[in-house]
Amino acid sequence: ACEKLAEELNVKNLVFSGKKPFSEMPALYASADALVLTLAANDLIAHTLPNKLLGYMAAGKPIIACADKEAARVVDEAKCGFTAPAEDDEALAESIREFIATSDKATLGKNARKYYENHFTTDIFLKTLKSLMAE
């Protein structure tokens with residue numbers, strides 16, 4: 001299915017790497033022009049923020065998210081990529097087309113990293129946790 005999508009998009013260097021060990025992620029992220037997040041269309045999942053998304057943002061890469069609610073909201077709010085509804089392969093293909101056509105890919109990556117630094121670093125988490133515990 002992934003090869004068919006790459007063929008349909010007429011893209012020669014579209015790589016879907018599949019599952020890899022965590023130790024390989026930094027090099028894989030660094031070599032990518034964008035990172036793709038796909039989530040199931042599930043109401044419980046839709047209300048979560050996957051660690052994978054945080055890792056993508058920390059890497060400072062543009063994100064193409066095929067996800068609902070919270071993950072899509074963060075990508076949109078951060079202005080760091082393109083979103084499509086979960087499990088909507090046609091919309092995902094359109095998001096990839098939009099990414100390919102955009103001339104400002106570097107800004108998307110910078111926006112991802114900036115949003116990560118402003119919302120998800122360990123210091124931010126600890127400050128938020130401390131504040132919640134004080135309440």
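Index from 1, following the sequence.
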Notebook entry, point to check: Nearest 0.5 Å, what's the CG-NZ distance between L49 and K69?
Noted result: 14.5 Å
Note to self: Under a 3.5 Å distance rule, please check whether Y29 uses its side chain to pair with a backbone N or O of Y56 as donor and acceptor.
What the structure shows: no
Notebook entry, point to check: Side chain of D68, backbone of A46: donor and acceptor closer than 3.5 Å?
Noted result: no
Next item on the list: Report yes or no: do I124 and F120 belong to one cluster of Ile/Leu/Val/Met/Phe/Trp/Tyr joined by side chain heavy-atom distances under 4.5 Å?
Entry: no
Checklist line | F99-V74 co-clustered via ILVMFWY side chain contacts under 4.5 Å | finding: no
Check: What about L92 and F82, same hydrophobic cluster or not, with Ile/Leu/Val/Met/Phe/Trp/Tyr joined at side-chain heavy-atom distances under 4.5 Å?
Finding: yes
Notebook entry, point to check: When clusters are formed by joining ILVMFWY residues with side-chain heavy atoms under 4.5 Å apart, either directly or through shared neighbours, do L126 and L132 land in the same one?
Noted result: no
Item checked: E94 with R97: basic N within carboxylate O range, under 4.0 Å -> yes
Note to self: If we ignore hydrogens and angles and just use 3.5 Å, is the side chain of K105 paired with the main-chain N or O of I100 as donor and acceptor?
What the structure shows: yes
Checklist line | Interatomic distance, L35 atom CG to C80 atom SG [nearest 0.5 angstrom] | finding: 10.5 Å
Margin query: Restricting to non-hydrogen atoms, name the atom on K79 and the atom on N111 that form the minimum distance, rounded to 0.1 Å.
Written below: O-ND2, 2.7 Å
Note to self: So, taking the atom named NZ in K19 and the one named CD in E24, what distance separates them when rounded to the nearest 0.5 Å?
What the structure shows: 14.5 Å
Next item on the list: Answer with yes or no whether the hydrophobic clustering places Y116 together with L37; edges join I, L, V, M, F, W, Y residues whose side-chain heavy atoms lie under 4.5 Å apart.
Entry: yes
Next item on the list: For S95 and A91, indicate whether the former's side chain and the latter's backbone hold a donor-acceptor pair under 3.5 Å.
Entry: yes
Next item on the list: Indicate the atoms forming the closest heavy-atom contact of K61 with A32, along with that distance.
Entry: NZ-O, 2.7 Å
Margin query: Can you tell me how far apart CG (L129) and OG1 (T122) are? Round to the nearest 0.5 Å.
Written below: 12.0 Å
Notebook entry, point to check: So how far is it from L39 CG to E87 CD, rounded to the nearest 0.5 Å?
Noted result: 9.5 Å
Note to self: Are R73 and T83 packed together at the side-chain level, in the sense that at least one heavy-atom pair is separated by less than 4.5 angstrom?
What the structure shows: no
Note to self: Using a 3.5 Å distance criterion without hydrogens, assess whether the side chain of T48 forms a donor-acceptor pair with backbone atoms of I45.
What the structure shows: yes
Next item on the list: Starting at OG1 of T121, measure out to CG of L54 and round the result to the nearest 0.5 Å.
Entry: 11.0 Å
Notebook entry, point to check: Taking all atoms of both residues into account, what is the closest heavy-atom pair of H47 and E70, and its distance?
Noted result: C-CB, 4.2 Å
Check: Do you know which two heavy atoms are closest between V75 and A65, and how far apart they sit?
Finding: CG2-CB, 4.1 Å
